[in-house]
Amino acid sequence: MNILAIETSCDETAICYLSARKNGASVDFSVPANVTRTQVEHAEFGGVFPALAKREHIKNLPVILDRIMDGREKPDCICVTNGPGLEPALWTGIVFAKELGEKWGVPVVPVNHMEGHILSVLVPPLPAGATFSFKDDIRFPALALLISGGHTELVLADSIGDYRIIGKTRDDAVGEAFDKVARLLGLAYPGGPRIAELARRFSGNEPVGLPRPMIHSKDYDFSFSGIKTAVLYMVRERSPLSEDLKAAIAHEFQESAAEVLAKKTARAVEEFGIRTVVIGGGVAANERIVAEITKTVQSAFPETGIMAPTRELSGDNALMIAIAGYFKVQKNPDADYGDIRAEGNLSL
Ligand code: KG4
Ligand code: ZN
């Protein structure tokens with residue numbers, strides 16, 4: 001079947017055309033067209049503005065659709081992110097999907113953005129237009145660590161589509177903390193990649209210390225606002241900051257986030273007998289965090305696999321929505337989703 005997927009939950013306008021053919025127990029996917037446009041317009045404000053995101057999505061969607069369709073046959077269904085995300089942004093994708101569904105006479109399927117991040121790990125590094133089967137099967141029970149600008153969650157998965165959140169952040173998401181710390185250090189938005197780059201320049205001289213909030217708590221919750229506040233005090237006390245000190249703070253902040261995420265993930269692996277850990281979301285692009293989780297989990301449980309998305313698919317994109325939509329349709333081919341609505345706070 002052919003799927004057109006649309007993602008507009010935050011500041012990426014993305015559309016993908018995916019073809020899926022069953023092949024025994026596996027599925028062959030090919031991706032003839034996949035476009036993600038990141039709205040750089042937010043950078044100067046230091047964060048994402050919902051009204052601006054909405055305006056840009058409305059402008060971008062028809063232009064991207066023309067590039068995606070480019071003589072291709074109409075899809076068998078349209079998958080669209082219906083949450084979680086910014087409601088005005090989500091609505092633009094939903095309205096656009098409904099209009100197309102009506103025009104083409106094909107069903108529209110709502111897809112959960114977080115499930116998209118989980119299933120993004122199924123896609124191997126991919127030249128445009130290539131066909132792929134699963135990179136590696138996710139073995140169940142699996143554990144997904146979802147780390148993005150809006151979410152920090154640990155999710156148990158007994159199969160594709162069967163999820164239970166066992167822990168989440170009580171305040172800031174880890175990506176949000178990266179962005180806020182970056183701002184305190186005078187770096188532009190989005191801060192995650194910039195912190196990672198600055199941390200690489202840390203020479204080892206003048207190390208600083210930051211807390212590891214909730215690392216020993218018996219639950220699977222997280223808290224990142226305390227580290228950010230500790231950075232705020234450090235910046236106030238020690239300004240003007242030398243380049244060395246900025247690098248030391250970026251490095252220590254990243255270590256703190258990596259250690260907390262790794263410890264809690266490893267504990268859940270032990271308690272639930274996890275066979276695969278899936279890391280998804282924008283922060284999964286952070287090599288240091290993925291390395292720390294891999295080391296901590298596999299030193300205790302060498303049989304447990306770790307899967308993370310390729311760099312292009314760690315951030316928001318429509319290919320992950322197409323894949324999650326494909327499995328949703330397979331599971332329940334005749335479902336009628338009625339009048340799809342944006343649900344900003346939807347969970348898995
Ligand atoms: O999943 P995503 O693209 O959008 C949301 O759904 O939030 O995640 C964006 C977040 C931002 O907070 C960004 O700073 C963070 O992912 N991020 C990173 C890195 N690349 C992106 N954080 C840490 N290290 C990175 N290399
Ligand atoms: Zn996301």
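Atoms within each ligand, like the ligands themselves, are counted from 1 in listed order. Note that the structure is predicted; figures quoted are calculated from it, not measured.
Using a 4.0 Å cut-off between charged side-chain N and carboxylate O, Glu102 and Lys98 make no salt bridge. A salt bridge is defined here as a Lys NZ or Arg NE, NH1 or NH2 lying under 4.0 Å from an Asp or Glu carboxylate O, and Glu255 with Arg288 meets this definition.
The aromatic rings of Phe272 and Tyr220 are tilted relative to each other, their planes meeting at an angle between 30° and 60°. Between Phe224 and Phe222, the two ring planes are parallel [angle under 30°; tilted spans 30° to 60°].
The salt bridge (charged side-chain N to carboxylate O under 4.0 Å, His left out) test applied to Glu56 returns Lys59, not counting sequence neighbours. Under the rule for a salt bridge (charged side-chain N to carboxylate O under 4.0 Å, His left out), Arg267 has no partner lying at least two apart in sequence or in another chain.
By the rule that hydrophobic residues join a cluster once side-chain heavy atoms approach within less than 4.5 Å of another member, Leu119 and Val109 end up as members of one cluster.
Here the straight-line distance linking atom OG of Ser225 with atom NZ of Lys180 works out to 7.5 Å at 0.5 Å rounding. Annotation: the span from Ser159 atom OG to Lys331 atom NZ amounts to 5.0 Å, rounded to 0.5 Å.
Around the Zn ion (ligand 2), protein N, O or S atoms at less than 2.8 Å comprise His113 NE2, His117 NE2, Asp316 OD1.
Listed by chain and number, His113, His117, Ser148, Gly149, Gly150, Gly175, Phe178, Asp179, Pro190, Gly191, Gly192, Pro193, Gly281, Gly282, Val283, Ala285, Asn286, Gly315, Asp316 each place a non-hydrogen atom less than 4.0 angstrom from ligand 1.
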